[in-house]
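Note that the structure is predicted; figures quoted are calculated from it, not measured.
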Amino acid sequence: MSEPDWRAVNDELFAERHRLLQIEADLARQQLGDPLPELDLQLRQCRYSLKQVNEQIITTNAGLVVNCVSRFMKKATVDQRDDYMAAGMAGLVEAIDTYDAASGKFSTWAYWPVLRSVLKAVNGSEHQLLSARLFEKRPAVQSAIAELEQSAGGAPPTIEAIAAKAGVTVEQVDRILLAAFTDVEDETWGKKFGA
């Protein structure tokens, strides 16, 4: 499906969602004033229809979650992948609940809540020792290490050189490297120290 088709599908689904939310609010107000069994039935039917529309929106936009999660799949375990997908879906639901059609296309609106949820899950799962600020500096440190190793013919760079290249402090490099090291499997720990 091309981009205009996705946008048209989302526009239709969100228009229906908006209509159902208005009906639900009206029925709930009426139910408060004069509780009747017919109103209760209509309210339950409306909420069921709303649930179905929400599920269609999630299904239609699940590719956005997969796109955001795919960046972190290479080193992730199966459980971590499941956690990242669940976090991304939670971000998608948040985006659905806060979306305003006047703000533009839904995929643009949803991208940041989805990515933010995935990043939070990645940080929580893989880097418990890192604060959010250090986690944000991690790509610069990794890039600095790769560049310095390449220019030195594969020799490991000093922490001071990494810090200077990445524009962070030596202490920050230490914490980032410690977090990355504690994430590796025990087998790697044994190989690294000859155990």
Side-chain angles (χ1 to χ4, degrees), residues 1 3 6-7 9-10 13-14 17 21 47 50-101 103-147 149 159 162-163 165-192:
M1 200 179 291
E3 177 63 32
W6 285 116
R7 186 169 187 172
V9 169
N10 273 328
L13 289 170
F14 276 101
R17 183 177 189 277
L21 285 170
R47 287 179 176 155
L50 184 59
K51 180 181 174 191
Q52 287 183 315
V53 169
N54 285 337
E55 288 173 1
Q56 286 178 314
I57 293 171
I58 289 169
T59 301
T60 300
N61 294 282
L64 176 64
V65 175
V66 171
N67 182 18
C68 289
V69 170
S70 66
R71 305 171 192 198
F72 307 100
M73 292 295 211
K74 193 161 121 178
K75 294 183 180 180
T77 65
V78 173
D79 289 340
Q80 287 172 327
R81 291 175 187 171
D82 291 344
D83 290 346
Y84 303 163
M85 283 299 294
M89 287 300 189
L92 182 61
V93 169
E94 174 192 337
I96 290 168
D97 289 340
T98 60
Y99 177 61
D100 176 12
S103 300
K105 62 183 182 178
F106 177 70
S107 59
T108 303
W109 176 272
Y111 179 79
W112 290 111
V114 170
L115 184 60
R116 186 173 46 248
S117 293
V118 171
L119 286 173
K120 188 174 180 181
V122 170
N123 188 26
S125 174
E126 295 182 5
H127 307 284
Q128 294 97 348
L129 300 176
L130 293 182
S131 67
R133 292 184 81 182
L134 280 179
F135 184 70
E136 290 171 3
K137 295 178 187 295
R138 183 174 171 263
V141 170
Q142 289 174 322
S143 178
I145 292 169
E147 288 176 28
E149 282 180 347
I159 291 178
I162 296 168
K165 180 88 172 162
V168 299
T169 67
V170 171
E171 292 79 19
Q172 290 172 325
V173 173
D174 272 338
R175 296 211 44 214
I176 290 168
L177 292 177
L178 175 64
F181 185 71
T182 57
D183 286 339
V184 297
E185 297 176 7
D186 289 339
E187 178 185 340
T188 307
W189 173 279
K191 286 179 183 175
K192 185 159 188 142

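- Atom CD1 of Ile58 and atom CG of Leu64 lie 12.5 Å apart (nearest 0.5 Å).
- Arg116 meets the salt bridge (charged side-chain N to carboxylate O under 4.0 Å, His left out) test with Glu94; sequence neighbours excluded.
- Residues Gln142 and Ile145 form no side-chain contact, since every pair of their non-hydrogen atoms from C-beta on lies 4.5 Å or further apart.
- Residues passing the side-chain contact (heavy atoms from CB on, under 4.5 Å) test with Ser70 are Asn67, sequence neighbours excluded.
- Here Thr77 contributes atom OG1 and Tyr84 contributes atom OH; the two are 7.0 Å apart, rounded to the nearest 0.5 Å.
- Between Arg81 and Val69, the closest side-chain pair of non-hydrogen atoms is not below 4.5 Å.
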**OP:** List the steps and the verdict of side-chain contact (heavy atoms from CB on, under 4.5 Å) for Val66 and Met85.
**Re:** CA-CA 7 Å; Val66 171; Met85 283 299 294; 3.9 Å; yes
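- Scored by the salt bridge (charged side-chain N to carboxylate O under 4.0 Å, His left out) test, Arg71 finds no partners at all (sequence neighbours excluded).
- The shortest heavy-atom contact between Val118 and Gly88 is CG2-CA, 3.6 Å.
- Counting heavy atoms from C-beta on, the side chains of Asn61 and Val65 never come closer than 4.5 Å.
- Taken to the nearest 0.5 Å, the CD atom of Gln56 stands 11.0 Å off from the CG atom of Asn10.
- Partners of Asp97 under the side-chain contact (heavy atoms from CB on, under 4.5 Å) rule, at least two apart in sequence or in another chain, are Arg17, Val93.
- Atom CD in Glu55 sits 12.0 Å away from atom CG in Leu13 (nearest 0.5 Å).
- Lys165 meets the salt bridge (charged side-chain N to carboxylate O under 4.0 Å, His left out) test with Glu147; sequence neighbours excluded.
- Closest of all the heavy-atom pairs between Ala144 and Ile162 is CB-O, 3.9 Å.
- Looking at heavy atoms from C-beta onward, Phe14 lies in side-chain contact with Ile96 at the 4.5 angstrom threshold.
- Applying the side-chain contact (heavy atoms from CB on, under 4.5 Å) rule to Ala95 yields the partners Phe106, Trp109, Ala110, Pro113; only residues at least two apart in sequence or on another chain are considered.
- Of all the heavy atoms in Val170 and Ala163, the pair that sits closest is N-CB, 3.8 Å.
- Distance check: Met89 CE to Ser117 OG gives 12.0 Å after rounding to the nearest 0.5 Å.
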